[in-house]
Structure formats: C-alpha cells, structure tokens
J.: 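Structure incoming, see below.
Values below: all heavy atoms of this structure, side chains included; hydrogens, waters and symmetry mates excluded.
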Amino acid sequence: MSRLLSDFGHELPSAAPALHPPKDARLFRHVPPRGARRPGRGWASGAAPVSTWRMTSEQAPVLWPFISTPGLPPTGAQMGIDLLSGGSFYADPLGWVLDDTVPVTNPNIFSLGKPGRGKSATTKAFCLRMMDFGYRVLVLGDPKDEYEPLCRFLDVEPFAIGHGLPARINPLAFGPLITGWDQLSAEAAQGRAAIVFARWLTLVRGLVGSQRIGEHRVPFGPTDEVVVKAALAHLTGYAHGNTRMRETTIPHLWRLLDAPTSELVAQCRYADERHFLDDTRMLRDALGQLVSGALAGLFDDHTSIDWTGPPRSSR
C-alpha cells in the first residue's frame, strides 16, 4: 500500500520510534522478609517477629539517634530505678527548675496509670519522702480517705468541711500577702492590691457561678465585678487609703450589698439605692446561699484551719 501511494506522490505517515531513557541503577535492592532463597543469601525458614514503624526524630527523640539523654541529678527523694541507666531515680521538681543545667521549666507532676497500678502509693511515698527536703504537703480533697493514715502517722488530724462541721475556709482571706502591707510604698501597695482583688474576683465568680438556675449557671458579668470589687475595697479599708487592711468575709460582703451605703451606690454608678438593689438581686441571692442557704457552713466565716506545719488533708 505504501508503494502504491508513493507512485502517485503520497507517503503514509510513519510513527517516530519510541525513545526509552536508560534506567538509573537501584540504590537499594528489595529483599524478602525471610531473605533471598539462594545459597549464601541468609534465607530463613521462619519470619522474624518484628514490626515496621515510621516516625521522625521529633516524635521519638529518645530513639534518634539511639542514645539517651543525660540522667537527672541525684537530688531530692529516691523514688525508684531509672530504666534507661539502671541507676537510682531521684525526684526533686523544684530543684530541677532552679538548676539551670537541668532542662526542666515546670515543677508540676502528673501521675497517670491504670487502676491498681500503684499511683496513690507512689504519690504518698513521694509526699512522705519529700518532707525531709523542706517540701510541705496539702491534700485538697480526699474522697477515698487515702491520706488519713499518712496524716495520723505524722500526728496530724485531717480536717473536714461541710454542714454542721466547725471548720471554715474564708475565700476572702489575705493569706501571706497581708504581711508587711503597712510598710509598702504607695506604688507597691497598689500592685499588691491589684493581685489580691483579682484573686478575690475569681473566687467570687466561681462561688456564684457554681450555682444554677435550671440548666444555666448564675451569671457573673462585668457589672457584678465592679460592684463586688468596690464593696471589697470598702470592707478592707483600701478605698479609704488605710495602710492596715481588714480581713472581710462572704457574710460581710453580702450584708453590705444588701444594705449599700450611699457612697457605694454612687461609686458603682447607680441612680439610687433602689436601682442598685434591683440590679444586684441575683448576685445578692447567690451570695446569700453561701451565708444562710444550701451552701452555708463552708465559706461563711474566718478560716479556722492552721495551714502551717506538717501535711494537711481535707475532704
């Protein structure tokens, strides 16, 4: 056909020959899991019990490049065995943070594990051993009464708070921040007051917000913050420029809001006392629950607990 067409001046189109580039040599040669089944190639009749994992050095820093980091210094309480080195493991969280040569920036510790693996026993051993190094122990909430034997071993009686019990915790206590207040300069006193009032507002917000109206929590908005902060400033004497602060309580705060002074009403930018009482009704009722309502007997008086000394446990 091509010759016939060429006699009449026509040529059939021809396909260009395919060009196959040369293949690069293999960097790695695939080998079956049991090896090549040829003499001298290490063939095994059974497969090795191994699994393949793919990860980066960021995900496995202790495995790459297959060396372990230096161990922690032997300071603090001896708690067990270091599985990497086989030596003793010591725990000293605060000492690690204060030592610039140790790459630890946070002294907090989490104890994680399945039930029955010894988390509580390890924690109690840690508390007991760290007391020899100046650490103080405070157990906030002991629902299983696990720490009572530890406290009684150290001649300390755990305290309990609740309805009908004598112990009280005052959320509006100054704590150690009251020490030396009258010796502070005006600027330093203002800075310390900002810290104290911010903490108190957080506590009052939590106590008020822990109560519910149906399925919703009792709101505590910016206006409530202004009212509570102004009332606390009046009760402690900070609003009048006193150098010695008075400790106040939730009942004192509730009574002042329930019978506000004209100075407090004006400072909170209310038109009159009636306007103040109408706008703060929900706040006052929530605080009233802490004084004479369902939540009475917990935070309605000055703190009756000595926080200093050996370990303390509450429930």
Side-chain angles (χ1 to χ4, degrees), residues 140 161-165 167-178 181-182 184 186-304:
L140 292 176
I161 58 175
H163 297 284
L165 300 177
R168 294 290 187 276
I169 297 178
N170 182 18
L172 303 180
F174 282 92
L177 292 179
I178 194 63
W181 192 299
D182 55 341
L184 297 175
E187 184 178 355
Q190 186 177 3
R192 184 177 295 189
I195 296 175
V196 171
F197 285 114
R199 293 181 179 180
W200 284 348
L201 287 175
T202 301
L203 289 169
V204 174
R205 182 188 297 109
L207 293 174
V208 172
S210 65
Q211 304 176 47
R212 292 182 176 271
I213 304 175
E215 297 181 355
H216 303 283
R217 296 185 181 275
V218 176
F220 188 85
T223 303
D224 299 314
E225 289 190 9
V226 172
V227 172
V228 170
K229 185 176 181 179
L232 291 174
H234 280 268
L235 291 170
T236 58
Y238 182 77
H240 305 94
N242 294 359
T243 56
R244 292 183 177 271
M245 298 294 102
R246 297 188 303 269
E247 182 176 307
T248 186
T249 61
I250 293 293
H252 293 153
L253 175 62
W254 175 59
R255 294 189 187 100
L256 177 59
L257 297 182
D258 209 42
T261 62
S262 58
E263 182 181 1
L264 179 63
V265 172
Q267 185 177 352
C268 296
R269 305 188 308 275
Y270 284 98
D272 50 28
E273 182 178 343
R274 184 73 268 163
H275 185 201
F276 180 96
L277 295 175
D278 290 342
D279 197 56
T280 60
R281 182 183 302 276
M282 189 174 298
L283 172 62
R284 291 183 289 111
D285 290 344
L287 292 175
Q289 291 296 311
L290 302 172
V291 178
S292 59
L295 300 178
L298 301 175
F299 311 109
D300 55 358
D301 204 347
H302 294 280
T303 301
S304 59

J.: Evaluate the side-chain proximity of Arg205 to Val228: yes if any heavy-atom separation is below 4.5 Å, no if none is.
T.: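 No - every pair of side-chain heavy atoms lies 4.5 Å or more apart.
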
J.: Look up atom CG in Leu287 and atom CG in Leu207, then write down how far apart they are to the nearest 0.5 Å.
T.: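 Output value for this atom pair is 8.5 Å.
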
J.: Do you know which two heavy atoms are closest between Leu277 and Pro260, and how far apart they sit?
T.: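 Nearest pair, atom of Leu277 first, then Pro260: CD2-CD, 3.8 Å.
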
J.: When you look at NE2 of His216, are more than 12 heavy atoms from neighbouring residues, nucleotides or ligands closer to it than 6.0 Å?
T.: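 Result for NE2/His216: open.
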
J.: If you compare all heavy atoms of Val227 against all heavy atoms of Leu257, which two are closest, and at what distance to 0.1 Å?
T.: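 Closest heavy-atom pair between Val227 and Leu257: CG1-CD2, 3.5 Å.
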
J.: Using every non-hydrogen atom in the two residues, find where Cys268 and Ala230 come nearest and quote the distance to one decimal.
T.: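 Nearest pair, atom of Cys268 first, then Ala230: SG-CB, 3.9 Å.
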
J.: Mark yes or no for whether Asp285, through its side chain, and Met282, through its backbone, hold a donor-acceptor pair below 3.5 Å.
T.: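 Not at all, since once roles are kept as given, no pair shorter than 3.5 Å links the two residues.
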
J.: Determine whether Met245 and Arg192 make a side-chain contact, defined as any pair of heavy atoms from C-beta on separated by less than 4.5 Å.
T.: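 No, too far: nothing below the 4.5 Å cut-off.
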
J.: Determine whether Leu203 and Phe299 make a side-chain contact, defined as any pair of heavy atoms from C-beta on separated by less than 4.5 Å.
T.: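 No; the side chains remain at least 4.5 Å from each other.
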
J.: Considering only heavy atoms from C-beta outward, does the side chain of Leu232 approach that of Tyr238 to under 4.5 Å?
T.: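 Heavy-atom side-chain distance check fails, nothing below 4.5 Å.
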
J.: Closer than 4.0 angstrom, basic N to acidic O: yes or no for Asp278 and Arg274?
T.: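 Counted as a salt bridge, because a side-chain N and a carboxylate O are separated by less than 4.0 Å.
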
J.: Tell me if the CD atom of Gln190 is crowded by more than 12 foreign heavy atoms within 6.0 Å.
T.: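 No, not enclosed.
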
J.: Within a 6.0 Å radius of atom CZ on Arg199, are there more than 12 heavy atoms belonging to other residues, nucleotides or ligands?
T.: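 Incorrect, the count does not exceed 12.
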
J.: Kindly compute the distance separating CG (Asn170) from OG1 (Thr303), expressed to the nearest 0.5 Å.
T.: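 Between atom CG of Asn170 and atom OG1 of Thr303 there are 4.5 Å.
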
J.: So which atom in Arg246 and which in Phe174 form the shortest heavy-atom distance, rounded to 0.1 Å?
T.: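 Looking at all heavy atoms of both residues, the closest pair is O-CE1, 3.5 Å.
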
J.: Decide yes or no for Tyr270 and Thr223: does some side-chain heavy atom of the first lie under 4.5 Å from some side-chain heavy atom of the second?
T.: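 Result yes, sub-4.5 Å side-chain heavy-atom pair found.
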
J.: To check you understand the geometry: which heavy-atom pair defines the closest contact between Glu225 and Phe220, and what is its length?
T.: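 For Glu225 versus Phe220, the nearest heavy atoms are CG-CE2, 3.4 Å.
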
J.: Side-chain contact, heavy-atom cut-off 4.5 Å: His302 with Thr249?
T.: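 Yes, close enough: below the 4.5 Å cut-off.
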
J.: I need the minimum non-hydrogen distance between Thr236 and Thr248, along with the two atoms involved.
T.: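 Scanning both residues, the minimum pair turns out to be CG2-CG2, 4.2 Å.
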
J.: So, Arg217 side chain and Gln211 main chain: donor-acceptor pair closer than 3.5 Å or not?
T.: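 No; judged by distance alone, with no hydrogens or angles, the pair does not exist.
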
J.: Do Trp200 and Leu253 touch side chain to side chain, with heavy atoms closer than 4.5 Å?
T.: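 Side chain of Trp200 against side chain of Leu253, heavy atoms only: no contact under 4.5 Å found.
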
J.: Surrounding CZ of Arg244 (heavy atoms of other residues, nucleotides or ligands, distance under 6.0 Å), is the total greater than 12?
T.: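 Check fails, neighbour count at 12 or below.
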
J.: Heavy atoms, side chains only, cut-off 4.5 Å: are Glu247 and Ile178 in contact?
T.: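 In short, these two side chains do not touch, never coming nearer than 4.5 Å.
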
J.: With a 3.5 Å distance limit and no angle check, can you tell me whether Thr280 reaches the backbone of Leu283 through a side-chain donor-acceptor pair?
T.: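 Side chain of Thr280 to backbone of Leu283: no pair is present.
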
